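This structure is a prediction, so every number in the text was calculated from the model and none was measured.
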Amino acid sequence: MRRRRAVDQPQDLQIEILDRLAIDDLIGKVHNAAVQPGAADQVAEWRSAHGTEHATPKAQSFAVVGATLMFLHPCPDGVILPFAAYPDGTTKVYTDAEHAGESFYREAGSTAP
């Protein structure tokens with residue numbers, strides 16, 4: 001498997017490898033939370049209180065779950081993975097073993113949406 005070099009990787013990145021079914025379940029939960037009434041307001045409040053998460057314009061389905069900002073982001077091959085941004089600046093990606101090497105790939109100079 002050819003791996004891409006991580007570019008503009010967020011500091012304090014944690015990678016948690018799960019099986020694909022667990023990832024798909026988490027993706028569904030994040031997407032469902034993001035479409036709930038008031039979700040966009042909660043995201044704006046989280047960003048106001050904690051700063052902007054590390055995400056590219058490709059990120060989608062932002063939702064606050066507890067004290068965590070969750071969002072979905074595609075890998076370079078298009079596979080969607082869930083991410084969590086914590087108030088302390090830590091970012092976690094939930095990935096399968098196949099995508100662990102590319103799951104945190106970011107375009108050089110990327111900024112939050």
Side-chain angles (χ1 to χ4, degrees):
M1 176 173 87
R2 182 174 170 238
R3 294 186 182 226
R4 294 180 191 227
R5 185 173 69 84
V7 178
D8 200 22
Q9 171 180 328
Q11 291 184 341
D12 299 323
L13 177 72
Q14 298 175 0
I15 299 172
E16 186 164 333
I17 298 175
L18 303 173
D19 66 50
R20 192 69 229 177
L21 290 176
I23 293 168
D24 290 343
D25 183 56
L26 188 53
I27 288 169
K29 289 177 180 177
V30 171
H31 179 72
N32 185 50
V35 298
Q36 296 302 309
D41 293 334
Q42 290 177 333
V43 170
E45 290 172 13
W46 190 96
R47 288 175 174 155
S48 177
H50 306 293
T52 304
E53 73 291 341
H54 187 281
T56 74
K58 294 179 184 178
Q60 58 190 350
S61 298
F62 290 86
V64 176
V65 180
T68 306
L69 177 66
M70 302 288 299
F71 59 95
L72 305 177
H73 196 286
C75 287
D77 68 1
V79 170
I80 303 294
L81 294 175
F83 281 72
Y86 297 94
D88 68 0
T90 302
T91 301
K92 182 184 282 188
V93 57
Y94 298 91
T95 182
D96 56 15
E98 180 180 344
H99 291 92
E102 298 187 37
S103 58
F104 49 85
Y105 175 78
R106 297 288 189 258
E107 297 167 2
S110 64
T111 58

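Inter-residue side-chain proximity for Phe83 and Glu53 is flagged as unmet; no heavy-atom pair is nearer than 4.5 Å. Looking only at side-chain heavy atoms (C-beta outward), His99 and Val93 stay at 4.5 Å or farther from each other.
Pairs of residues two or more places apart, or lying in two chains, that qualify as salt bridge (Lys or Arg N to Asp or Glu O under 4.0 Å) and include a residue from residues 78-93 are Glu16-Lys92. Pairs passing the ring-ring contact (aromatic ring centres under 6.0 Å, His included) check and including a residue from residues 29-49, sequence neighbours excluded, read Trp46-His50.
Every residue two or more places apart in sequence or in another chain was checked for a side chain to side chain contact (heavy atoms under 4.5 Å, CB included) with Glu45, and none qualifies. Qualifying side chain to side chain contact (heavy atoms under 4.5 Å, CB included) partners for Ala40, counting only residues two or more places apart in sequence or in other chains: none. For Asp19, the side chain to side chain contact (heavy atoms under 4.5 Å, CB included) partners at least two apart in sequence or on another chain are Leu21, Ala22. With sequence neighbours excluded, the residues that form a side chain to side chain contact (heavy atoms under 4.5 Å, CB included) with Asn32 are Val35, Gln36.
In this structure, Ala85 and Thr68 approach most closely via the heavy-atom pair O-CG2, 3.5 Å. Contact detail for Arg20 and Ile80: the closest heavy-atom pair is NH2-O, 3.3 Å. The nearest pair of heavy atoms linking Ala39 to Ala34 is CB-O, 3.4 Å.
For the atom pair CG (Leu26) and CG (Leu72), the distance works out to 8.0 Å, reported to the nearest 0.5 Å. With rounding to the nearest 0.5 Å, the separation of CG in Leu69 from OG1 in Thr91 is 9.5 Å. For the atom pair OG1 of Thr95 and CG of Leu81, the computed distance is 4.5 Å after rounding to the nearest 0.5 Å. With values rounded to the nearest 0.5 angstrom, Met70 atom CE is found 10.0 Å from Ile27 atom CD1.
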